[in-house]
Amino acid sequence: MKKFLKLFFYILFLIPFLPQVYAAEKVEYLTTDWSFKGLFGKFDRSALQRGYHVYTEVCSSCHSMKYLSYRNLAQEGGPEFTEAEAKAIAASFEVTDGPNSDGEMFTRPGKLSDKFVMPYENVKAAQAANGGAYPPDMSVLVKARGGGVDYIYSLLQGYEDPPAGVTLDDGVYYNKYMYGNKIKMANQLSDGLIEYSDGTKATVEQMSKDVTTFLMWAAEPHLESRHKMGFKAIVYLIILTILVYFSMKRIWSRIETKV
Amino acid sequence: MSDHEYTPKSNFGKWFNDRLPLLTLANHLTDYPTPKNLNYWWTFGGILTFCLVTQIVTGLVLAMHYIAHADMAFDSVEHIMRDVNYGWLIRYIHANGASMFFLAVYIHIFRSLFYGSYKAPREIIWIIGIIIYLLMMAAAFMGYVLPWGQMSFWGATVITNLFSAIPLVGEGIVTWLWGGYSVDNPTLTRFFTLHYLIPFLILGLVVLHIWALHVPGNNNPIGIDVKKPSKDTVPFHPYIVIKDAFALLMFMIVFAFFVFYTPNILGHADNYIEANPLVTPAHIVPEWYLLPFYAILRSVPDKLLGVIAMLSAIFILAALPWLDTSKIRSAVFRPIYRQFYWILVADVLILGYVGAMPAEGLYLLIARVATAYYFLHFLVILPILGFKERTLPIPLSITEPVLGGSSNLAAVRDDSRLEKLK
């Protein structure tokens with residue numbers, strides 16, 4: 001009985017920490033072998049570079065990424081394009097700058113310090129072009145969705161024909177992982193949609209995985225140094241704890257009480 | 001406080017100490033006689049001090065980079081996360097630090113409940129503690145608003161709207177709190193100001209809390225008065241210092257795990273969506289440490305009564321020293337109370353669980369039963385139990401833990417009262 005009660009309490013204590021508690025509706029998401037999970041999780045560089053490829057070719061025509069700069073592409077812990085490559089990527093975009101000394105706005109090729117160019121001038125323009133729905137900014141999208149990477153990964157592959165009895169308005173699509181199943185984004189990925197420069201076969205699954213990895217990095221650009229530092233910090237703390245434990249035993253041995 | 005006069009050894013020390021007795025204070029703090037049987041549940045006082053200092057230090061750095069403006073707050077937080085050197089580390093420590101702070105304070109409070117630390121002569125320590133806890137909740141709530149995400153905005157809307165339940169002046173008070181007709185920039189700037197202020201109020205109260213503690217000295221697991229200093233006590237330094245340090249390090253390992261490996265698990269995903277007054281999230285949920293009170297609020301169908309119930313649930317704790325009529329402090333010697341104690345712990349955890357769930361159907365029913373039980377525990381069970389319970393004999397001193405033949409005064413008084421009741 002006592003054991004049972006103890007177990008019951010341990011479980012109760014854990015409940016508030018389970019993220020599922022917060023997600024009202026539970027759907028089984030697809031998942032894959034994410035390289036960035038776990039104590040030593042790191043990003044797969046080539047997946048990040050491919051993911052960036054998918055983002056520019058497909059997503060970026062509607063979705064902005066306003067917190068990222070082109071310099072981030074060459075940053076340590078990211079896709080780690082060479083600085084020359086990142087400069088070339090930046091230069092391939094037209095950036096509006098100004099006003100110049102004549103008070104005019106002008107366009108120039110992008111620089112490393114520029115933020116990612118936005119597909120629309122503002123939210124209203126984005127809504128007008130997308131049937132009233134605003135394609136969310138993707139900078140922190142992975143962290144802004146309950147299921148995280150698995151949710152995005154599933155959503156990209158979750159398009160199917162609506163079950164009998166579900167009617168869809170014009171410009172609305174059926175996705176089995178979307179909240180409420182109705183989504184205003186059409187299925188964007190199809191096998192062989194783009195051609196990866198490293199020869200990887202661009203299947204829907206592969207592209208979903210790559211672009212989701214890229215989005216994870218975009219949301220957590222310091223994930224790798226966080227994991228590295230975390231391991232060191234915890235090992236340090238454990239060693240210190242052991243040393244302090246023995247000092248404590250030593251000090252308390254002077255009196256007749258167990259610590 | 002120890003009565004013996006302390007005189008510094010050096011001449012300068014004497015000269016300084018005559019003018020400002022800092023050295024006497026330091027001597028008091030190191031010599032402070034502490035019961036030697038304190039268990040690890042007593043280490044959370046030190047852990048909480050660490051939490052407070054951590055929050056203040058990381059908060060100061062964050063405030064250097066944060067911009068309290070409705071149009072820029074969310075951007076400035078992302079700026080901290082991306083471009084400020086180790087900004088991600090400081091913000092994650094601060095955000096998870098709040099949760100760790102509450103985890104520690106709940107353990108600290110429930111330790112008091114188990115060992116009767118709130119009873120005479122420690123009522124003032126307890127009441128100051130409850131005020132600190134209230135201020136912590138205010139600080140945490142306002143801090144959660146600052147990133148200006150969806151949960152920040154809608155949480156602020158829901159909580160501030162509670163004041164509209166006050167008859168006649170409610171609506172006016174809400175407008176005054178908001179500084180406008182909805183949660184907006186003026187609300188954010190005043191929340192930022194108050195969020196910055198409150199920790200220093202807490203710091204001041206913590207000094208009073210510790211001061212008040214040092215008058216009667218620590219309670220202990222047996223809950224009896226100990227003579228100080230005696231063979232039942234040890235000096236605070238090095239015995240308690242090293243033990244607190246060991247416990248703090250264990251706590252820091254858990255803390256570090258959250259910060260480095262699951263920094264967002266205790267937050268809500270919606271708070272990474274910038275605040276939008278036109279879109280209401282599907283479920284508005286407060287942070288986990290406020291969930292039991294949120295459940296109590298929602299379990300009452302009337303808004304005003306719900307607010308009253310929620311506030312009473314906190315304020316009832318301040319009356320606890322008088323609601324608990326038992327003269328015996330420690331639950332170790334109160335077999336019946338001990339069982340009710342664990343039922344209360346379970347009750348609060350259940351309240352927390354249903355607080356995270358939608359307020360409908362079975363969840364609502366459970367919330368109502370649990371709320372009723374919460375008040376029943378403090379208002380009915382505790383007062384009656386003090387008279388009815390047959391307590392176990394308590395030992396004379398810590399070094400004499402033999403339970404036979406108690407001649408302790410408190411126990412005798414309790415037994416004679418039991419006789420009368422028969």
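Order of the sequence lines fixes the chain letters, A, B, ..., with proteins taken first and strands second; residue numbering starts at 1 for each chain. The model shown is predicted, which means the values in this text are computed figures rather than measured ones.
When the candidates A:A218, A:S69, A:G147 are compared by the number of heavy-atom contacts under 4.5 Å with chain B, A:A218 comes out ahead. Interface check for chain A: of the options B:G149, B:A269, B:A282, the most heavy-atom pairs under 4.5 Å are formed by B:A269.
Rounded to the nearest 0.5 angstrom, B:W88 CH2 and A:S225 OG are separated by 5.0 Å. Going from atom CZ of A:R145 over to atom CG of B:D270 covers 8.0 Å, rounded to the nearest 0.5 Å. Atom CG of A:L237 is separated from atom CD1 of B:I253 by 5.5 Å, given to the nearest 0.5 angstrom. Rounded to the nearest 0.5 Å, atoms CZ (B:F255) and CD1 (A:I234) are 12.0 Å apart.
Neither the backbone nor the side chain of A:L141 comes within less than 4.5 Å of any heavy atom of chain B. For chain A, the nearby part of B:L89 is the side chain; its heavy atoms alone come within less than 4.5 Å. Contacts between B:N271 and chain A at a heavy-atom distance below 4.5 Å are absent for every atom of the residue. Proximity to chain B (any heavy atom under 4.5 Å) is restricted, for A:E220, to the side chain, taken from C-beta onward. Heavy atoms of B:Y92 lying under 4.5 Å from chain A belong exclusively to its side chain. Neither the backbone nor the side chain of B:V241 comes within contact range of chain A; no heavy atom of the residue lies under 4.5 Å from a heavy atom of that chain. Contact of A:Y236 with chain B is not made at all, since no heavy-atom distance falls under 4.5 Å. For A:K66, the part lying under 4.5 angstrom from a heavy atom of chain B is the side chain only. Residue B:Q150: no heavy atom, backbone or side chain, is found under 4.5 Å from chain A. Using a 4.5 Å cut-off between heavy atoms, A:L243 makes no contact with chain B at all. There is no contact between A:R250 and chain B, counting heavy-atom distances below 4.5 Å.
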### Evaluation steps, side-chain contact (heavy atoms from CB on, under 4.5 Å), between B:Y239 and A:R254
CA-CA 10 Å; B:Y239 296 98; A:R254 297 175 205 160; 3.6 Å; yes

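Here the side chain of A:H222 pairs a donor or acceptor atom with the backbone of B:R82 at under 3.5 angstrom. Using modelled atom types, no side-chain atom of A:R226 and backbone atom of B:P263 make a donor-acceptor pair closer than 3.5 Å.
No more than 12 heavy atoms of other residues, nucleotides or ligands shown are found within 6.0 angstrom of NZ on A:K232.
If you look at A:H227 and B:Y261, their ring centroids are closer than 6.0 Å.
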